[in-house]
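Here is the structure we will look at, set down as structure tokens.
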There are 2 protein chains.
Amino acid sequence: MIKKMLLKDVARLAGVSEMTASRALRGAPDVSNATRAKVEEIARAHGYVPNRIAGSLSSQSVNLVAVVVPSLNSFVFPEVLSGISSVLKQSPLKPVVGISGYEMDEEEEVIREMLSWRPSGLIVAGLEHSEATQKMLLQADCPVVEVMDADGTPLRHCVGISHLQAGRDMAAQILARGYRSIGFIGTKMPQDFRARKRFDGFVAGLAEQGVALTDLEHYAGDSAIATGRLLTAQMLARQPDLDCIYYSSDVMSVGGYMHCLAAGLSVPQDVALAGFNNLPILEGLPLQLATTDACRRPIGERAAEIVLKVRDSAADLPLIRETLSPRINLGQSL
Amino acid sequence: MIKKMLLKDVARLAGVSEMTASRALRGAPDVSNATRAKVEEIARAHGYVPNRIAGSLSSQSVNLVAVVVPSLNSFVFPEVLSGISSVLKQSPLKPVVGISGYEMDEEEEVIREMLSWRPSGLIVAGLEHSEATQKMLLQADCPVVEVMDADGTPLRHCVGISHLQAGRDMAAQILARGYRSIGFIGTKMPQDFRARKRFDGFVAGLAEQGVALTDLEHYAGDSAIATGRLLTAQMLARQPDLDCIYYSSDVMSVGGYMHCLAAGLSVPQDVALAGFNNLPILEGLPLQLATTDACRRPIGERAAEIVLKVRDSAADLPLIRETLSPRINLGQSL
DNA sequence: TTTTGTTTTGTTATCGCTAACGGTTGCGCT
DNA sequence: AGCGCAACCGTTAGCGATAACAAAACAAAA
């Protein structure tokens, strides 16, 4: 293998024109079966890999959908991803993932990079973006779907849930069960807007019934079981009378539960726990922890469907805005 | 915004040639500060997003590194990813992830797709590939690094650990602690070659000391705590005398531990447990479970370093093959 | 002023592939 | 034979940027 095989090499070896070879390899019509077979045979034999850069430049179309999420470590976005993939599989489009790291500047850079490849669609988590990003999303000449969140003003299409409402609903459930000395443990706010909204909704929900948070703890960095366990231990040490803790993530509530197991506290008798997301790690625990299902997979699926639909329709479709309803799973910890 | 802004539009508005505008925007030298400022200003004002497809075709270079992993759900690959990202951040290269789903055919397709974008490097998990894939990897005119595994013959560069040895080492540890009635719970073999190697190494390690597996269970699909719990329950029901279980993944061993917690079994007195990977979910549990650290982050870092190094050096470097040594963490469960 | 050297800017020719359209062939029909 | 229609296949002209080279502008040296 001296030099990279080009389409013209394949064409020459097959004794046809470049154009015919191109058509044959793309499965385009107007090629006889004999010719197609010959071209394919030669391409395969020589390990020809088409240059999609050239192809896309020429055809002005890219079979990629950009997906920008804050992180892959959290267990939550892979599931959105898998919803997206499963829907795109019915089309020639493929998802490409970019990581924003919960940073607006990073997000801006990643989105600029993604858009510079002229994808067929862009799916981005969240409604909060830098000004430059907003401009890019508005000007992008491909379908853009903001996902996960419905509290705010989407720039284009949107599929998500109301985190404000999710927090409020969980507050209602907790109050309804008689808990009154309530703590909250969540991510460092400026970074994760959706966690902040849940927090705000939660506090508002408590306030509506005249209850205030007894204690509050924020942490930086990724959510981790160990962090949840540690912060829970600390909070319970500070506030021995606490009867319930709401966490911004299931990963954290599992950590809290681990503390309880280790400290011999019974849940929910000694302390009630509730998390958010309905992550797979909740399944299999000795006790089913309360959580809110964040509709991750459906959100991914809908977003992908919107991309496909908007792309296929010539006319400008009206903007699609969908708010899914998260379901609370009370489990056995409340 | 009627039509997509092109470089020539920016150039026209700035009163310079396309070439100068191109240079200015890329930060290339040979542009006066005044001109550069003007071009940048206009580009920003109009939200110009360069077309990297055209740029890459012309410059014959793509600032992307393809990373192909079996799954993102497993908690193990995100960490490899993050090792890769952290190293690439010092360069203009960016990682792009493709998912092979533990399927060789899918992997072939994903790699073909990736290579068709002519990336600056390709990092792929595992040493086992379809014939067509092998051919592609050998012919690819960019650095190729196979990662995670060192048992076998790499096609090009390689950074990994010996899973065979890891299994063998864990067997030695388990035997050294006096366990003799040992079970194994692992993924469906044909899919996950590394899990199979650990299994083979484990069985061989036991055999060396005249011990045979007492029981064995395979499951299909993703590893999950719930699955680990269920299979553990079943296995212990079948084999009440079992004194130790080795799992192909920490996710599963955590499930096993959850069963023990729920069933009131004490670990390791009633049954000892050991997993693999040293995943973050192990941290924070009431009991530290035995595991083997799979060096995920270092592997990602080294792979990225190799890509950078090989790319920068004009000459053909000799192939780099590195076998990292996984460290067993005995924890408190053996 | 002329010359030389250094910046800065412009021109031309691709990069590898495909859209659009034009041409050829073969066949059935009148 | 002559015509029309399909089915194939080839030619031409880009896609939007950049490499490589050429030219112009400007400054310093002679």
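Chain identifiers are assigned alphabetically (A, B, ...) following the order of the sequence lines, protein sequences preceding nucleic acid strands; residue numbering begins at 1 within each chain.
Taking only distance into account, the side chain of S58(A) meets the base of dT18(C) through a donor-acceptor pair shorter than 3.5 Å. Below the 3.5 angstrom threshold, one finds a donor paired with an acceptor across the side chain of R23(B) and the base of dG10(C). The base of dG16(C) is not paired with the side chain of R118(B) by any donor and acceptor separated by under 3.5 Å.
Pair assignment for dT11(C): dA20(D), on the basis of Watson-Crick or G-U wobble contacts that are both within less than 3.5 Å.
One finds no side-chain N or O of T35(B) lying less than 4.0 angstrom from the OP1 or OP2 phosphate oxygen of dT8(C). Checking the phosphate oxygens (OP1, OP2) of dC17(C), a side-chain nitrogen or oxygen of Y48(A) falls inside 4.0 Å. Distances shorter than 4.0 Å separate some side-chain N or O of Q60(B) from OP1 or OP2 on dG16(C). Checking the phosphate oxygens (OP1, OP2) of dC9(D), no side-chain nitrogen or oxygen of S17(A) falls inside 4.0 Å. Listed pair S59(A) / dT18(C) fails the phosphate criterion, with no side-chain N or O lying under 4.0 Å from OP1 or OP2. For S32(A), a side-chain nitrogen or oxygen approaches OP1 or OP2 of dC9(D) to under 4.0 Å. A close approach under 4.0 Å does occur between a side-chain nitrogen or oxygen of R26(B) and OP1 or OP2 of dA19(D).
Minimum heavy-atom separation, I111(B) to T133(B): CD1-CG2, 3.6 Å.
The distance from atom CD of E18(A) to atom P of dG10(D) is 11 Å, rounded to the nearest whole Å. With rounding to whole Å, M19(B) atom CE is found 11 Å from dT12(C) atom C1'. Taking atom CG of residue L7(A) and atom P of nucleotide dG16(C), one finds them 11 Å apart after rounding to whole Å. The distance between atom CZ of R52(A) and atom C1' of dC15(C), rounded to the nearest whole Å, is 17 Å. In this entry the distance linking NZ of K38(B) with P of dT8(C) reads 16 Å, nearest Å. In this structure, the CD1 atom of I53(A) is 10 Å from the P atom of dG16(C), given to the nearest Å. To the nearest angstrom, P of dA17(D) lies 13 Å from CH2 of W117(A). Here dG10(D) presents its P atom at 16 Å from NZ of K8(A), a figure rounded to the nearest Å.
The residue N51(A) sits close only to the backbone: its heavy atoms come under 4.0 Å of sugar-phosphate atoms, none of a base.
For L57(A), whose side chain is taken as the heavy atoms from C-beta onward, the closest listed nucleotide among dC17(C), dG16(C), dC9(D) is dG16(C). Listed candidates were dA17(D), dT9(C), dC9(D). Nearest to the side chain of L6(B) is dA17(D).
Between E41(B) and K38(B) there is no salt bridge, since no side-chain nitrogen of the basic residue lies less than 4.0 Å from a carboxylate oxygen of the acidic one. Salt-bridge check for E305(B) with K309(B): failed, with every basic side-chain N at 4.0 Å or more from each acidic carboxylate O. A salt bridge is absent between E131(B) and K135(B): the closest approach of a Lys/Arg side-chain nitrogen to an acidic carboxylate oxygen does not fall below 4.0 angstrom.
More than 12 heavy atoms of other residues, nucleotides or ligands lie within 6.0 Å of NZ in K94(B), so this atom counts as buried by the packing criterion.
In this structure, the side chain of S85(B) engages the main chain of L81(B) through a donor-acceptor pair within 3.5 Å.
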